[in-house]
Chemist: 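Quick one: structure below, then a few questions.
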Amino acid sequence: MTTGRKWLLGCGIGCGVLLLVGIGSCVGAALFLKHTFRGIEKAGSSYEALTAEMGNVGEYVPPPDGAPPPDRLEVFLAVREGVAGDRAGVEAAMAALPTPELAEDGAVVGKIRAGLGALGDLIDGIGTYLQARNRALLERRMSAGEYVYIYTLAYYSGLGHTPGDGPETGKQPGGVRVGAFDDGGLFSARAVRRRYRRYTLAMVRAQVESLEPGAEAGDGETWRSKLEHELHRLEVDPGRVLWQDGLPPSVEVALSPFRNRLEQSYSAATNRIELPLAEHELPWQWR
């Protein structure tokens, strides 16, 4: 099965019923989707270029005290702010999905055309955004792992957003449903929470292993012990967010001057596509 057809299954159109309405429509849809999926393929290529040069997410080790230095937070925000226009394009495409205007006459054909158009705009926008983000990371010398660490630490641990934040599609009659965001999809709330947990556990374990013994946490407990306790909480509670009971002082101090800019750069609509897919999750790896 081709990449495009796999993504079509993952991002299924649920605007009523889809019927075969003739060879012409099928050929037109196939050509349309072939063009649209080029954006996704370009995003994949840009991510491969980023990880080839800067390393993958699993290779990143957070700072010993967990606090991103000010200059790295500036780089992160420069990337976020630099691709704000591309992110807005995805937000607009998401907002347009639930309520396509469909005429009663020729309803089936109209629904297919409207569904393909809305879905195409969304997929193209996602591909464009991810490609721009990956290129910006490479240009500014920030790895995917560092981006994921700062993203999740700032937005989830610091600002209180959640890994499951995202769009709800196809909730209105006649709307377009994007299956990839539904339960069981690649970008469902559950799938993104699992992705977050996998990456966070790996990073905190690497952080613990990198520590020298004896560093104080400021309350008589060693920093290593405090971090190990937090790691244990993450291991036993699959729904837990790192430091959800309160940020360590070092992290709070690091994030505080950037809080407003971080909040302004957050997007719930694009949140679920931010964490990279694991190798086994890539549609073009399915057999």
Side-chain angles (χ1 to χ4, degrees), residues 7 10-11 39-40 42-44 46-51 54-58 60 62 68 72-73 75-95 122-140 142-169 178 180-181 185-203 241-242 255 258 261-279 281-283:
W7 268 91
C11 303
I40 296 295
K42 289 180 180 178
S46 66
Y47 184 72
E48 290 174 1
L50 172 65
T51 56
M54 303 295 296
N56 59 41
V57 177
Y60 178 73
R72 302 313 292 168
L73 282 164
V75 170
F76 174 82
L77 282 165
V79 170
R80 297 289 296 172
E81 293 163 359
V83 297
D86 299 295
R87 191 163 56 247
V90 179
E91 294 170 346
M94 289 281 191
L122 175 58
I123 295 174
D124 187 58
I126 289 174
T128 298
Y129 168 63
L130 292 177
Q131 183 181 23
R133 186 205 65 183
N134 294 339
R135 285 179 172 175
L137 288 170
L138 186 55
E139 289 171 1
R140 295 183 178 276
M142 175 170 279
S143 70
E146 186 177 13
Y147 178 83
V148 167
Y149 178 72
I150 296 178
Y151 183 98
T152 57
L153 184 72
Y155 295 137
Y156 304 157
S157 304
L159 296 178
H161 299 292
T162 69
D165 284 353
E168 294 186 2
T169 62
V178 182
F181 291 93
L186 278 177
F187 303 109
S188 67
R190 185 178 301 176
V192 176
R193 289 190 189 101
R194 286 198 302 265
R195 210 163 288 142
Y196 165 75
R197 183 169 186 265
R198 181 172 65 245
Y199 287 140
T200 302
L201 282 172
M203 288 181 180
V241 169
L242 179 65
L255 296 181
F258 300 92
R261 289 172 63 193
L262 287 166
E263 189 65 79
Q264 290 169 6
S265 69
Y266 180 74
S267 169
T270 60
N271 172 64
R272 292 192 200 168
I273 65 173
E274 290 287 352
L275 303 188
L277 300 178
E279 184 73 14
E281 296 174 310
L282 297 173

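Predicted, not measured: the structure shown is a model, and the values here were computed from it.
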Chemist: The criterion is salt bridge (charged side-chain N to carboxylate O under 4.0 Å, His left out); which residues satisfy it with R87, sequence neighbours excluded?
Modeler: none
Chemist: At their closest point, which heavy atom of V192 faces which heavy atom of P163, and how far apart are they?
Modeler: CG1-O, 3.1 Å
Chemist: Decide yes or no for P68 and F76: does some side-chain heavy atom of the first lie under 4.5 Å from some side-chain heavy atom of the second?
Modeler: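 Result no, sub-4.5 Å side-chain heavy-atom pair not found.
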Chemist: My understanding is that only residues two or more places apart in sequence, or in another chain, count here; which of them pass side chain to side chain donor-acceptor pair (under 3.5 Å) with E91?
Modeler: S267
Chemist: Which word best sums up how the rings of Y266 and Y155 line up, parallel for under 30°, tilted for 30 to 60°, or perpendicular for over 60°?
Modeler: tilted
Chemist: Can you find a pair of side-chain heavy atoms, one from L277 and one from R195, that are under 4.5 Å apart?
Modeler: yes
Chemist: Measure the CG-CG distance between L159 and L153 for me, rounded to the nearest 0.5 Å.
Modeler: 9.5 Å
Chemist: Please give me the minimum heavy-atom distance between Y147 and R80, naming the atom from each residue.
Modeler: OH-NH1, 2.9 Å
Chemist: For Y156, check ring-ring contact (aromatic ring centres under 6.0 Å, His included) against everything at least two apart and list the hits.
Modeler: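 Scan of Y156 (ring-ring contact (aromatic ring centres under 6.0 Å, His included), adjacent residues dropped) gives Y151, Y196.
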Chemist: Report the distance from atom OG1 of T270 to atom OH of Y129, rounding to the nearest 0.5 Å.
Modeler: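 One finds 5.0 Å between OG1 of T270 and OH of Y129.
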Chemist: Please list, chain by chain and in numerical order, all residues satisfying side chain to side chain donor-acceptor pair (under 3.5 Å) with E139, sequence neighbours excluded.
Modeler: none
Chemist: With heavy-atom distances below 4.5 Å as the criterion, would you say the side chains of M203 and V57 are in contact?
Modeler: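 Yes - at least one pair of side-chain heavy atoms lies under 4.5 Å apart.
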Chemist: Return the minimal non-hydrogen interatomic distance between G158 and L255, and the atom names on each side.
Modeler: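 For G158 versus L255, the nearest heavy atoms are CA-CD1, 4.3 Å.
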Chemist: Output the distance between atom CZ (F187) and atom CG (L275), rounded to the nearest 0.5 Å.
Modeler: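 One gets 10.0 Å once the value is rounded to the nearest 0.5 Å.
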Chemist: Over all heavy atoms of both residues, which pair between A43 and G127 is shortest? Give the atoms and the distance, please.
Modeler: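 Scanning both residues, the minimum pair turns out to be CB-O, 3.7 Å.
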Chemist: Excluding sequence neighbours, so at least two apart, what forms side-chain contact (heavy atoms from CB on, under 4.5 Å) with N56?
Modeler: T51, E59
Chemist: What distance separates L50 CG from L137 CG, expressed to the nearest 0.5 Å?
Modeler: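 Here the rounded value is 5.5 Å.
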Chemist: What is the distance from atom CZ of R193 to atom OG1 of T162, rounded to the nearest 0.5 Å?
Modeler: 6.0 Å
Chemist: Mind listing the closest non-hydrogen atom pair of A136 and V83 along with its distance?
Modeler: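 Here A136 and V83 meet closest at CB-CG1, 4.3 Å.
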Chemist: Side-chain contact test, heavy atoms from C-beta onward, threshold under 4.5 Å: evaluate it for S46 versus L130 and give yes or no.
Modeler: no
Chemist: Looking at residues at least two apart in the chain, or sitting in another chain, which of them share a salt bridge (charged side-chain N to carboxylate O under 4.0 Å, His left out) with E81?
Modeler: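 If we apply the salt bridge (charged side-chain N to carboxylate O under 4.0 Å, His left out) test to E81, skipping adjacent residues, the hits are R261.
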Chemist: Sequence neighbours excluded, which residues qualify as side chain to side chain donor-acceptor pair (under 3.5 Å) partners of T152?
Modeler: none
Chemist: Can you list every salt bridge (charged side-chain N to carboxylate O under 4.0 Å, His left out) pair that touches residues 125-135, not counting sequence neighbours?
Modeler: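 Qualifying pairs, neighbours excluded: R133-E274.
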Chemist: Rounded to the nearest 0.5 Å, how far apart are CE of M54 and CG of N134?
Modeler: 12.5 Å
Chemist: Does any non-hydrogen side-chain atom of Y60 lie less than 4.5 Å from one of V148?
Modeler: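 Counting from C-beta outward, V148 and Y60 never come under 4.5 Å.
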Chemist: Just grab all the salt bridge (charged side-chain N to carboxylate O under 4.0 Å, His left out) pairs involving residues 143-165, residues at least two apart or on different chains.
Modeler: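 Salt bridge (charged side-chain N to carboxylate O under 4.0 Å, His left out) check on residues 143-165 returns R72-E146.
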Chemist: Might you point out which heavy atoms bring Y47 and P276 nearest each other, and give the distance in Å?
Modeler: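 Distance-wise, the nearest heavy atoms are OH-CB, 3.3 Å.
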